[in-house]
K.L.:
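What follows is a structure written as structure tokens; I'll ask about it next.
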Amino acid sequence: NAGVTQTPKFQVLKTGQSMTLQCAQDMNHNSMYWYRQDPGMGLRLIYYSASEGTTDKGEVPNGYNVSRLNKREFSLRLESAAPSQTSVYFCASSRGPPSYEQYFGPGTRLTVT
Amino acid sequence: AQSVAQPEDQVNVAEGNPLTVKCTYSVSGNPYLFWYVQYPNRGLQFLLKYITGDNLVKGSYGFEAEFNKSQTSFHLKKPSALVSDSALYFCAVRGSSGYSTLTFGKGTMLLVSP
């Protein structure tokens with residue numbers, strides 16, 4: 001049982017380049033989430049998918065798109081990377097009621113130069 | 001809108017002493033409250049949650065948290081700190097009605113000295 005996996009672990013992009021962050025969970029969870037973590041800012045929700053086939057914006061969606069490919073996989077795409085998107089990105093999943101806790105992946109450290 | 005405040009950026013405690021990491025929240029309706037821990041270069045790990053029932057909740061690694069509705073607080077506690085408890089701790093809240101996402105606090109760094 002791998003839990004939540006993310007690829008890649010590290011990535012360096014130049015301004016304007018695009019990339020997709022991949023996330024997969026093997027816990028049969030309904031909901032999946034993408035967060036970014038910046039020093040002193042805590043975790044901020046970018047996008048989430050409450051269930052397969054749905055996606056919604058979180059607190060900081062600008063510059064990002066997501067795809068819920070199936071129940072297991074939820075990807076985050078940066079179409080034109082900017083230095084402000086330098087951050088650590090975490091994917092998480094949760095089963096839903098009555099257990100609302102989220103389980104996190106190991107993160108992707110992204111640097112945009 | 002829901003929010004979480006962790007008033008201390010850092011808490012220092014000596015090994016063997018009790019520790020408290022503070023959290024207050026604001027949410028419509030009944031709160032669902034969570035604590036997570038993050039070790040360096042790792043993802044967040046779930047520690048404990050309050051959904052309903054007893055105000056004192058016990059979780060992983062000997063941690064517990066006390067829900068206080070009148071003070072809108074959910075402080076994390078441990079009777080005897082270990083050096084290995086040194087990490088970043090996050091409090092999070094969500095509302096109990098409908099579908100709601102988690103809102104995290106900014107985190108409190110716990111440093112336990114030998």
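Order of the sequence lines fixes the chain letters, A, B, ..., with proteins taken first and strands second; residue numbering starts at 1 for each chain. All values below were derived from every heavy atom in this structure, side-chain atoms included, with hydrogens, water molecules and symmetry-related copies excluded.
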K.L.:
Thinking salt bridges, do B:Glu64 and B:Lys77 make one under a 4.0 Å N-O criterion?
P.N.:
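The answer is no: the pair does not qualify as a salt bridge.
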K.L.:
Counting only heavy atoms closer than 4.5 Å, note whether A:Arg109 contacts chain B via side chain, backbone, both or neither.
P.N.:
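Answer is side chain: those atoms of A:Arg109 sit under 4.5 Å from chain B.
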K.L.:
For B:Gln38, which atoms come within 4.5 Å of any heavy atom of chain A: side chain, backbone, both, or neither?
P.N.:
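Contact with chain A is through the side chain of B:Gln38 alone.
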K.L.:
In sequence, state the C-alpha distance, the side-chain angles, and the governing distance for B:Gln71 and B:Thr24, and then conclude on side chain to side chain contact (heavy atoms under 4.5 Å, CB included).
P.N.:
CA-CA 8 Å; B:Gln71 297 186 4; B:Thr24 59; over 6 Å; no
K.L.:
With chain A, which of B:Thr103, B:Thr101, B:Val4 has the greatest number of heavy-atom pairs at distances under 4.5 Å?
P.N.:
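Maximum pair count with chain A is reached by B:Thr101.
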K.L.:
Among A:Gly105, A:Ala50, A:Gly107, A:Cys91, which has the most heavy-atom pairs under 4.5 Å with chain B?
P.N.:
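If we count pairs closer than 4.5 Å to chain B, A:Ala50 comes out on top.
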K.L.:
Give a yes or no on whether the ring-centroid distance for B:Tyr50 and B:Tyr25 is below 6.0 angstrom.
P.N.:
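Between B:Tyr50 and B:Tyr25, the centre distance exceeds or equals 6.0 Å.
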K.L.:
A:Leu43 and side chain to side chain contact (heavy atoms under 4.5 Å, CB included): which single residue from A:Glu59, A:Gln37, A:Arg36 fits?
P.N.:
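Answer to the side chain to side chain contact (heavy atoms under 4.5 Å, CB included) test with A:Leu43 among A:Glu59, A:Gln37, A:Arg36: A:Gln37.
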